[in-house]
Amino acid sequence: MNKQHKLHVKTGDNVVILSGKDKGKQGKVLEVSPKEGKVIVEGLNIVTKHVKPRQMGQQGGIVKCEAPLYASKVMAVCPKCGKPTRLAHRIEADGSKARVCKHADCGKAY
């Protein structure tokens with residue numbers, strides 16, 4: 001079964017976290033994993049990781065890094081109006097598909 005996996009956010013989008021320990025915080029999407037349905041957001045969902053030295057001379061220890069979180073827990077932020085928004089799609093005059101802000105006062109493509 002080859003199921004196509006699609007997410008509403010892309011790498012480089014600004015997003016706001018909807019739930020969890022970082023609720024309400026904003027950050028930039030660094031990485032998207034459509035198959036797992038997860039995203040990694042810059043500076044958010046920080047976890048401590050115990051790293052073992054892999055090579056001679058390399059140092060191990062406790063490292064803080066961003067962990068992936070489910071894409072359903074993030075919402076895109078419109079770059080024009082700065083509000084968290086659901087994304088709509090609109091076909092432009094030249095036939096290309098554009099993502100559009102759903103807010104009534106904004107409605108601009110980005």
Side-chain angles (χ1 to χ4, degrees):
M1 289 174 63
N2 263 349
K3 188 178 177 221
Q4 189 178 9
H5 304 278
K6 292 177 90 175
L7 295 179
H8 63 286
V9 288
K10 295 180 179 179
T11 305
D13 283 354
N14 281 323
V15 293
V16 63
I17 308 284
L18 299 176
S19 65
K21 62 182 179 184
D22 292 324
K23 180 179 178 178
K25 294 181 182 175
Q26 289 190 17
K28 191 169 116 180
V29 176
L30 296 177
E31 200 175 312
V32 176
S33 178
K35 196 164 190 171
E36 295 174 331
K38 294 185 177 188
V39 293
I40 296 177
V41 182
E42 185 178 29
L44 299 176
N45 199 28
I46 301 291
V47 294
T48 54
K49 200 172 180 180
H50 295 260
V51 179
K52 208 172 184 181
R54 293 286 170 207
Q55 296 174 340
M56 233 11 214
Q58 187 180 7
Q59 195 166 358
I62 300 171
V63 178
K64 291 185 182 280
C65 64
E66 294 107 351
L69 63 146
Y70 284 105
S72 61
K73 292 181 176 254
V74 300
M75 184 178 264
V77 175
C78 176
K80 307 283 194 274
C81 63
K83 296 178 189 172
T85 182
R86 289 175 57 210
L87 298 171
H89 289 78
R90 181 172 63 201
I91 310 281
E92 297 293 325
D94 61 347
S96 63
K97 200 174 186 184
R99 299 191 300 165
V100 181
C101 178
K102 289 273 271 196
H103 284 287
D105 55 329
C106 184
K108 294 194 176 144
Y110 62 94

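A quick note: this is a predicted structure, and the numbers were derived from the prediction, not measured. Keep in mind that the numbers below use all heavy atoms, side chains included, and drop hydrogens, waters and symmetry copies.
- Using a 4.5 Å heavy-atom cutoff, the side chains of H89 and R99 are in contact.
- Hydrophobic clustering of Ile, Leu, Val, Met, Phe, Trp and Tyr side chains at less than 4.5 Å, counting indirect connections, keeps I40 apart from I46.
- Taking NZ from K64 and NZ from K49, the interatomic distance works out to 14.0 Å, rounded to the nearest 0.5 Å.
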Go through the steps to decide whether C78 and K83 satisfy the test side chain to side chain contact (heavy atoms under 4.5 Å, CB included), and finish with yes or no. CA-CA 6 Å; C78 176; K83 296 178 189 172; 5.6 Å; no
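- In this structure, OG in S96 is found 8.0 Å from CD1 in I91, a value given to the nearest 0.5 Å.
- Judged by distance alone, the side chain of H103 and the main-chain N or O of P84 form a donor-acceptor pair under 3.5 Å.
- Counting heavy atoms from C-beta outward, E31 and T11 have side chains that stay 4.5 Å or more apart.
- The structure places CE of M75 at 7.0 Å from CZ of R86, a figure rounded to the nearest 0.5 Å.
- Scanning both residues, S72 and L18, for their nearest heavy atoms gives O-CD1, 3.9 Å.
- For K80, the salt bridge (charged side-chain N to carboxylate O under 4.0 Å, His left out) criterion is met by no residue, not counting sequence neighbours.
- To the nearest 0.5 angstrom, I62 atom CD1 is 4.5 Å from H50 atom NE2.
- Side-chain N or O atoms of T85 include one that pairs as donor or acceptor with a backbone N or O of K102 at under 3.5 Å.
- Atom NZ of K73 sits in a sparse spot, with 12 or fewer heavy atoms from other residues, nucleotides or ligands closer than 6.0 Å.
- Under the 4.5 Å side-chain criterion, counting only non-hydrogen atoms from C-beta, P68 is not in contact with S33.
- Closest of all the heavy-atom pairs between G60 and P53 is CA-CD, 3.8 Å.
- By the 4.5 Å side-chain criterion applied to Ile, Leu, Val, Met, Phe, Trp and Tyr, V9 is assigned to a cluster that also includes L7, V15, I17, V29, V32, V39, V41, L44, L69, V74.
- The shortest non-hydrogen separation linking Y70 to E36 is CE2-O, 4.1 Å.
- In this structure a side-chain-to-backbone donor-acceptor pair under 3.5 Å is present from N45 to A67.
- Atom CD of E92 and atom CZ of R90 lie 5.0 Å apart (nearest 0.5 Å).
- By the neighbour-count criterion of 12 heavy atoms within 6.0 Å, atom NZ of K21 is densely surrounded, having more than that number from other residues, nucleotides or ligands.
- Salt-bridge formation is detected for the pair K25/D22: a Lys NZ or Arg NE/NH1/NH2 atom is positioned less than 4.0 Å from an Asp or Glu carboxylate oxygen.
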